[in-house]
There are 2 protein chains.
Amino acid sequence: MDPLGFAQHDHRRCVATALKAAQAHCARHRLNLTPVRRRVLELLLEGHRAMGAYDILDHLRREGFGAQPPVAYRALDFLVSHGFAHKIERLNAFIACTHPAADHTPVFLICRGCHAVAEAQAEPTRGMLGRAAEEAGFEIEQAVVEAIGRCPSCRAEAAPCA
Amino acid sequence: MDPLGFAQHDHRRCVATALKAAQAHCARHRLNLTPVRRRVLELLLEGHRAMGAYDILDHLRREGFGAQPPVAYRALDFLVSHGFAHKIERLNAFIACTHPAADHTPVFLICRGCHAVAEAQAEPTRGMLGRAAEEAGFEIEQAVVEAIGRCPSCRAEAAPCA
DNA sequence: CTTGATATGTTATATGGTTACGATTATCAA
DNA sequence: TTGATAATCGTAACCATATAACATATCAAG
């Protein structure tokens, strides 16, 4: 599975595509992609990195939306709960989902050099985590998997002669 | 591997044992297990659950230690950086390590019913996460793995006739 | 047109974490 | 011993993240 995110790509196009996909998904599922919600998703897509709720809020207030934290948090809640965005616990920040598809368990690769975040997919009920849970009689409902390290370009930069 | 944490046990004894082990480890490695640090570890062990930094701080100030946040955070930093405790990102809270041994990557099973936290072990560079990282050319330095769900006793309680 | 559900906005506050700085104590070489 | 140095502890002030509580607006369904 391609984690995306560390590779170059036509960004303007990927924003437009994702936004359209979200809109279509909302139409199909009778979800209300209101102007604030749509704009927050767009900001996350444009930023193409983890953004704090207060970063988002700054943009919103400059653009004439509500200026108080709940405005940002509510839009983010909507996006997260419907799978259009994810929260990166380790960073207290949010990022647009790069797999706008169905229910899924994201796995994040967070570069401590350039702060880029790549999203990959996993099935937490399998593998080591699933085994540990099973042994303990624990029922996994949701999993947070976040790896901190260095992305290809930061590795190259840090070790130019390796 | 036994995740511990959801099983009953002689708690007073497990606290004493862990504390002694920590003390021995510090002696061996010339680490300074000062009164505050020791007390914070003891609090985490006694609590036997994830505790917020401010919970810890409340105890400390009542016991005559410093009353300001850095006192708690510094002690917690010490414990975390030397493997005596872990931070649960999802809860913004800290918990004593149940594997006082060497360098390891903890995996947490967090019960959303009773808030118990069990710690298991994993090797993040293997399995799905490792594969995804490798494909992306990403070098994992540290991983956060936290599963939210229900522990055996909460499952039994919630579904008495299942 | 009214009712109820959903969404937006505001004020205020709770919770989590850091910076900056000074005082104290431990370590150790001269 | 003494003075240099680093580690630790303490405080005040502050910044960052997140939620509670309440008022208003919108809109579809009856």
Side-chain angles (χ1 to χ4, degrees), chain A residues 22-23 26-27 29-41 43-44 47 49-82 84-95 115 144 146, chain B residues 22-23 26-27 29-44 47 49-82 84-95 110 115 144 146:
Chain A
Q23 218 151 10
C26 286
H29 293 78
R30 306 277 185 275
L31 296 175
N32 197 350
L33 189 62
T34 62
V36 215
R37 292 170 176 177
R38 192 192 137 94
R39 183 58 184 138
V40 170
L41 176 55
L43 286 167
L44 289 175
R49 57 193 170 79
M51 300 175 73
Y54 281 72
D55 291 346
I56 298 288
L57 185 56
D58 284 344
H59 281 93
L60 293 181
R61 74 160 50 102
R62 271 191 245 112
E63 297 173 14
F65 292 98
Q68 303 307 319
V71 173
Y73 281 103
R74 285 194 289 234
L76 288 166
D77 282 350
F78 171 86
L79 296 174
V80 168
S81 67
H82 292 97
F84 300 121
H86 299 292
K87 177 169 189 184
I88 313 279
E89 296 290 342
R90 175 70 187 235
L91 305 177
N92 294 317
F94 300 82
I95 193 163
H115 303 110
V144 171
E146 299 171 3
Chain B
Q23 218 150 10
C26 286
H29 292 78
R30 305 277 186 276
L31 295 176
N32 197 351
L33 189 61
T34 62
V36 214
R37 292 169 177 178
R38 191 192 140 94
R39 184 57 184 139
V40 170
L41 176 55
E42 196 175 19
L43 286 168
L44 288 175
R49 57 193 169 80
M51 300 175 73
Y54 281 71
D55 291 347
I56 298 287
L57 185 57
D58 284 344
H59 281 93
L60 293 182
R61 72 160 50 105
R62 271 190 246 111
E63 296 173 14
F65 292 97
Q68 303 306 319
V71 173
Y73 281 104
R74 286 194 288 234
L76 289 166
D77 282 351
F78 172 86
L79 296 173
V80 168
S81 67
H82 292 98
F84 300 122
H86 299 291
K87 178 168 190 184
I88 313 279
E89 296 291 341
R90 176 68 188 236
L91 305 176
N92 294 319
F94 300 83
I95 192 163
I110 306 169
H115 302 112
V144 171
E146 300 171 3

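Owing to the predicted nature of the structure, the values given are computational and were not obtained by experimental measurement. Order of the sequence lines sets the chain letters (A, B, ...), proteins ahead of strands, with each chain counted from 1.
With sequence neighbours excluded, no residue forms a salt bridge (Lys or Arg N to Asp or Glu O under 4.0 Å) with A:E146. For the side chain to side chain contact (heavy atoms under 4.5 Å, CB included) test, residues two or more places apart in sequence or in another chain that qualify with A:A85 are A:L44, A:L79, A:V80. The ring pair (Phe, Tyr, Trp, His ring centres under 6.0 Å) check on B:F65 picks up nothing, with sequence neighbours excluded. Taking B:R49 as the reference, nothing meets the side-chain hydrogen bond (donor to acceptor under 3.5 Å, both in side chains) condition, with sequence neighbours excluded. B:Y73 meets the ring pair (Phe, Tyr, Trp, His ring centres under 6.0 Å) test with no other residue; sequence neighbours excluded. Scanning for ring pair (Phe, Tyr, Trp, His ring centres under 6.0 Å) contacts around B:F94 gives an empty result, with sequence neighbours left out.
Residue B:D55 contributes atom CG, which lies 14 Å from atom C1' of C:dG17 at whole-angstrom precision. If you take CE of A:M51 and C1' of D:dA16, they are 16 Å apart, rounded to a whole angstrom. Residue A:E89 contributes atom CD, which lies 12 Å from atom C1' of D:dA18 at whole-angstrom precision. Atoms CZ (A:R30) and P (D:dA29) sit 10 Å apart, rounded to a whole Å. At whole-Å resolution of the value, CG in A:L31 and P in C:dA5 are 19 Å apart. To the nearest angstrom, C1' of C:dA7 lies 6 Å from CZ of A:R37. Separating the CZ atom of A:R38 from the C1' atom of C:dT8 is a distance of 18 Å, rounded to the nearest angstrom. With rounding to whole Å, B:L79 atom CG is found 12 Å from D:dT8 atom P.
Between A:A22 and A:L33, the shortest heavy-atom contact is C-CD2, 4.5 Å. Pairing each heavy atom of A:I95 with each of A:A50, the nearest pair is CD1-N, 3.8 Å.
Counting only heavy atoms from C-beta on, A:V36 has its side chain closest to C:dG9 among D:dA18, D:dC9, C:dG9. The listed nucleotides are D:dT8, D:dT19, C:dG16; the one nearest the side chain of A:Y73 is D:dT19.
Sorted by first and then second residue, the pairs that involve residues 30-43 of chain B and meet side-chain hydrogen bond (donor to acceptor under 3.5 Å, both in side chains), not counting sequence neighbours, are B:Q23-B:R38, B:R39-B:E42, B:R39-B:E63.
Note that the CG atom of A:L76 and the NE2 atom of A:H86 stand 13.0 Å from one another [nearest 0.5 Å]. Note that CD1 of B:I88 and NE2 of B:H115 are 12.5 Å apart. Values are rounded to the nearest 0.5 Å.
Remark: B:P69, B:P70 in residues 58-72 of chain B come within less than 4.0 Å of DNA chain C through at least one heavy atom.
The phosphate of C:dG16 has neither OP1 nor OP2 within less than 4.0 Å of any side-chain N or O from B:K87. Note on A:N92: a side-chain N or O is less than 4.0 Å away from OP1 or OP2 of D:dA18.
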I'd like a table of atom pairs between the protein and nucleotides 22-25 of chain C - only N or O on both sides, under 3.5 Å - with the distance next to each one.
none

Write out a two-atom table: protein N or O, nucleotide N or O from nucleotides 22-28 of chain D, distance below 3.5 Å.
none

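Between B:D77 and B:N32, the residue anchored nearer the 5' end of DNA chain C, judged by the nucleotide with its closest heavy atom, is B:D77.
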Which atom pairs, donor and acceptor, lie under 3.5 Å between side-chain atoms of residues 51-60 of chain A and protein residues at least two apart or in another chain?
residue	atom	partner	partner atom	Å
A:D55	OD2	A:G52	N	3.3
A:D58	OD1	A:R61	NH1	3.1
A:H59	ND1	A:D55	O	3.2

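Under 3.5 Å, the side chain of A:Y54 and the base of D:dA18 form at least one donor-acceptor pair of N or O atoms.
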